[in-house]
Amino acid sequence: MTVHSTITTAPLLSVRGLTKRYGARIGCADVSFDLYPGEVLGIVGESGSGKSTLLSCLAGHLPPDAGEVVFATTDGPRDTLTMSEPERRRLSRTDWAFVHQNPRDGLRMGVTAGGNVGERLMAVGARNYGAIRDCALDWLGRVEIAAERIDDRPRAFSGGMQQRLQIARNLVTGPRLVFMDEPTGGLDVSVQARLLDLLRGLVRDLGLSVIIVTHDLAVVRLLADRLMVMKDGRVVEQGLTDQVLDDPQHAYTQLLVSSVLQV
Amino acid sequence: MNDYNFAYLDEQTKRMIRRAILKAVAVPGYQVPFASREMPMPYGWGTGGVQVTAACLVPEDRLKVIDQGADDTTNAVSIRKFFQRTAGVATTEATAEATVIQTRHRIPEQPLTEDQILVYQVPIPEPLRFLEPRETETRKMHALEEYGLMHVKLYEDIARHGQIATSYAYPVKVEGRYVMDPSPIPKFDNPKLSDCPALQLFGAGREQRIYALPPWTQVVSLDFEDHPFVASKADHDCDLCGAAESYLDEVIVDDQGGRMFVCSDTDYCRSRREDGHTGRLGTPAAAQVEAAE
């Protein structure tokens with residue numbers, strides 16, 4: 001039996017009491033969790049349950065009203081909400097990545113595939129065209145996009161390819177934490193399956209920590225180690241994915257699990 | 001004399017523009033917003049440059065106006081006449097004699113001096129505009145020095161054309177800080193921006209922005225390590241004056257594809273011919289005078 005190291009690893013992301021209100025309405029309320037390195041956390045819930053609001057607050061796209069989001073930066077843990085904006089933006093193009101549901105939001109549609117992948121490299125100071133191009137080619141290969149498509153614009157790509165390109169563009173700088181908002185939404189099932197396969201491979205190979213928001217329980221069962229169920233802006237249940245899905249405790253989770261169509 | 005205030009604009013407007021210019025000089029390359037006025041010419045014809053010139057002019061000035069290097073094209077002639085009428089200042093076509101030079105899309109070939117002001121007409125002051133359409137976002141990018149996107153544009157050029165195909169309005173970095181659009185001057189002129197003894201002012205009327213390069217400012221054209229910046233020009237000599245080092249215009253002369261290359265800087269070409277230089281198709285200046293008589 002392998003004995004796990006007794007050294008307790010510090011969480012990569014530690015969230016405490018995160019609250020966001022839209023006027024009198026609640027976006028998300030009092031959300032707390034820890035995310036450890038290499039862990040994939042799924043957040044599920046129906047539309048309007050606050051899961052996208054939560055993700056935007058975590059990624060710094062929306063300012064929350066209360067709470068703290070402590071990220072283990074290379075210089076030690078820092079609350080990203082009190083960081084200066086230049087620091088936070090630097091973080092979001094180096095250590096963080098954000099995969100949008102709609103590739104159009106995450107890609108520059110007028111820029112070639114190579115330029116899209118290279119943008120983050122150039123943003124952190126790469127100034128050698130040959131090296132940038134080699135890196136872009138390498139990443140297109142890893143997400144199964146043919147090398148000869150490097151000078152095509154994403155407009156000419158299928159939905160699944162656009163999504164894979166968006167993933168390559170985000171992972172090129174070797175982020176440690178990836179936010180994903182419904183990465184398989186809007187794709188047909190066979191394309192979804194291949195994308196999930198790819199994501200699983202990348203997450204395992206690169207040891208990524210991922211927070212993935214989705215309403216598709218099949219996606220979280222495949223990808224996520226841990227699961228958080230949200231309803232009306234609050235976390236109603238959290239635990240290991242299999243545990244939550246196989247033995248749901250909260251009435252809403254039971255409803256959610258039983259609502260999945262069995263084919 | 002005439003019913004206009006000196007140099008057309010009222011004194012309060014000129015003060016407002018001078019304040020913007022002072023701020024622009026203090027922060028080289030930074031785009032300072034200003035309350036651009038309606039001018040008696042359409043946007044795109046140099047309304048920004050004209051307002052900056054009007055704010056700089058004093059009665060002792062000698063004004064030169066060039067359009068694509070030429071003193072005798074519509075835009076240059078009409079702006080020169082405009083200031084002759086509204087300011088009554090002396091004008092000249094000789095670069096060396098001018099104290100204020102308003103230019104559209106060129107820097108004169110003759111090196112400028114510390115006693116001169118060069119005023120550029122700028123159509124689109126934001127170098128990031130075609131990459132990022134949101135003004136709020138581009139301002140943030142300037143503030144936070146996030147200029148990776150500018151290199152994406154150059155990357156795209158190389159990917160598509162094998163080289164950096166941007167040949168005018170080539171983006172530059174000023175004193176290691178702000179990325180700036182040098183107005184649509186050919187990239188041949190970019191090296192002249194740097195360490196220039198003259199004060200360089202940029203005015204964009206429609207976009208309501210003024211920016212500046214104080215004398216002796218360091219200006220670097222952006223590039224890649226393996227695709228360095230090259231200040232290119234047509235690979236010819238001037239057909240009139242024989243100059244090998246000046247920026248050339250290509251002129252189609254007949255229907256059979258005949259063409260000639262001439263200096264775009266008309267003053268430079270004329271003065272060279274007066275000094276006795278002659279190109280492939282040119283006649284010596286003396287012969288021209290005789291023919292005219």
Side-chain angles (χ1 to χ4, degrees), chain A residues 60-61 63 83-94 96-97 104-137 139-140 145 147-156 165 168-170 172-173, chain B residues 27 30 124 126-166 169-174 176-179 187 190 218-230 232:
Chain A
H61 297 173
M83 263 184 188
S84 67
E85 189 163 6
E87 284 180 297
R88 191 162 53 236
R89 282 173 73 116
R90 188 165 309 124
L91 207 58
S92 69
R93 54 174 198 266
T94 53
W96 290 2
R104 242 164 279 150
D105 298 332
L107 291 172
R108 290 191 190 278
M109 299 306 279
V111 168
T112 62
N116 264 297
V117 178
E119 180 179 342
R120 277 171 73 111
L121 293 171
M122 292 181 248
V124 295
R127 291 293 178 264
N128 187 309
Y129 175 80
I132 292 167
R133 202 164 167 85
D134 289 345
C135 191
L137 276 171
W139 268 99
L140 288 183
I145 295 176
E148 70 256 26
R149 303 298 302 267
I150 187 170
D151 291 333
D152 288 348
R153 297 183 188 184
R155 260 190 259 283
L165 181 63
R169 168 188 160 89
N170 272 292
V172 68
T173 45
Chain B
V27 192
Y30 172 71
I124 296 163
E126 178 51 72
L128 301 162
R129 178 58 68 238
F130 291 109
L131 301 155
E132 175 54 67
R134 289 167 294 179
E135 175 71 14
T136 47
E137 191 63 20
T138 53
R139 283 208 208 182
K140 208 172 266 180
M141 290 160 80
H142 281 294
L144 303 177
E145 240 182 304
E146 287 181 6
Y147 291 132
L149 203 50
M150 208 68 250
H151 273 87
V152 172
K153 179 181 172 350
L154 301 179
Y155 169 95
E156 290 289 289
D157 262 7
I158 305 173
R160 231 172 277 163
H161 307 289
Q163 56 176 328
I164 298 178
T166 303
Y170 192 102
V172 294
K173 196 165 205 179
V174 179
R177 179 59 180 86
Y178 283 99
V179 164
K187 66 177 171 184
N190 268 23
Q218 194 205 19
V219 180
V220 178
S221 304
L222 301 179
D223 60 2
F224 286 103
E225 290 162 4
D226 44 352
H227 285 267
F229 171 80
V230 181
S232 62

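Below, chains carry the letters A, B, ... as their sequence lines are ordered, and counting in each starts from 1.
Ranked by heavy-atom pairs under 4.5 Å with chain B, the first of A:G114, A:G118, A:A123, A:G130 is A:G114.
With a 4.5 angstrom heavy-atom cutoff, B:L131 touches chain A only via backbone atoms. With a 4.5 angstrom heavy-atom cutoff, B:L144 touches chain A only via side-chain atoms. For B:H151, the parts lying under 4.5 angstrom from a heavy atom of chain A are both the backbone and the side chain. At a 4.5 Å heavy-atom cutoff, A:L121 makes no contact with chain B through either its backbone or its side chain.
Screening A:R120, A:R89, A:R90 against B:E146 for a salt bridge (Lys or Arg N to Asp or Glu O under 4.0 Å) leaves a single residue, A:R89.
Every residue two or more places apart in sequence or in another chain that forms a salt bridge (charged side-chain N to carboxylate O under 4.0 Å, His left out) with A:D151 is listed here: A:R133. For B:V27, the side-chain contact (heavy atoms from CB on, under 4.5 Å) partners two or more places apart in sequence, or in a different chain, are B:Y30, B:Y178. Residues meeting the ring-ring contact (aromatic ring centres under 6.0 Å, His included) test with A:W139, sequence neighbours left out: none.
Interface with chain A: from residues 132-139 of chain B, residues B:E132, B:E137 qualify, criterion being any non-hydrogen pair under 4.5 Å.
More than 12 heavy atoms of other residues, nucleotides or ligands sit less than 6.0 Å from atom CZ of B:R177.
No side-chain donor-acceptor contact under 3.5 Å links A:N128 to the backbone of B:E225.
Looking at A:M122 and B:L154, their side chains never come closer than 4.5 Å, going by heavy atoms from C-beta outward.
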Carefully, step by step, assess A:T112 and B:Y155 under the rule side-chain contact (heavy atoms from CB on, under 4.5 Å).
CA-CA 9 Å; A:T112 62; B:Y155 169 95; 3.9 Å; yes
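The heavy-atom pair separating A:R127 from B:D223 by the smallest distance is CD-O, 4.2 Å.
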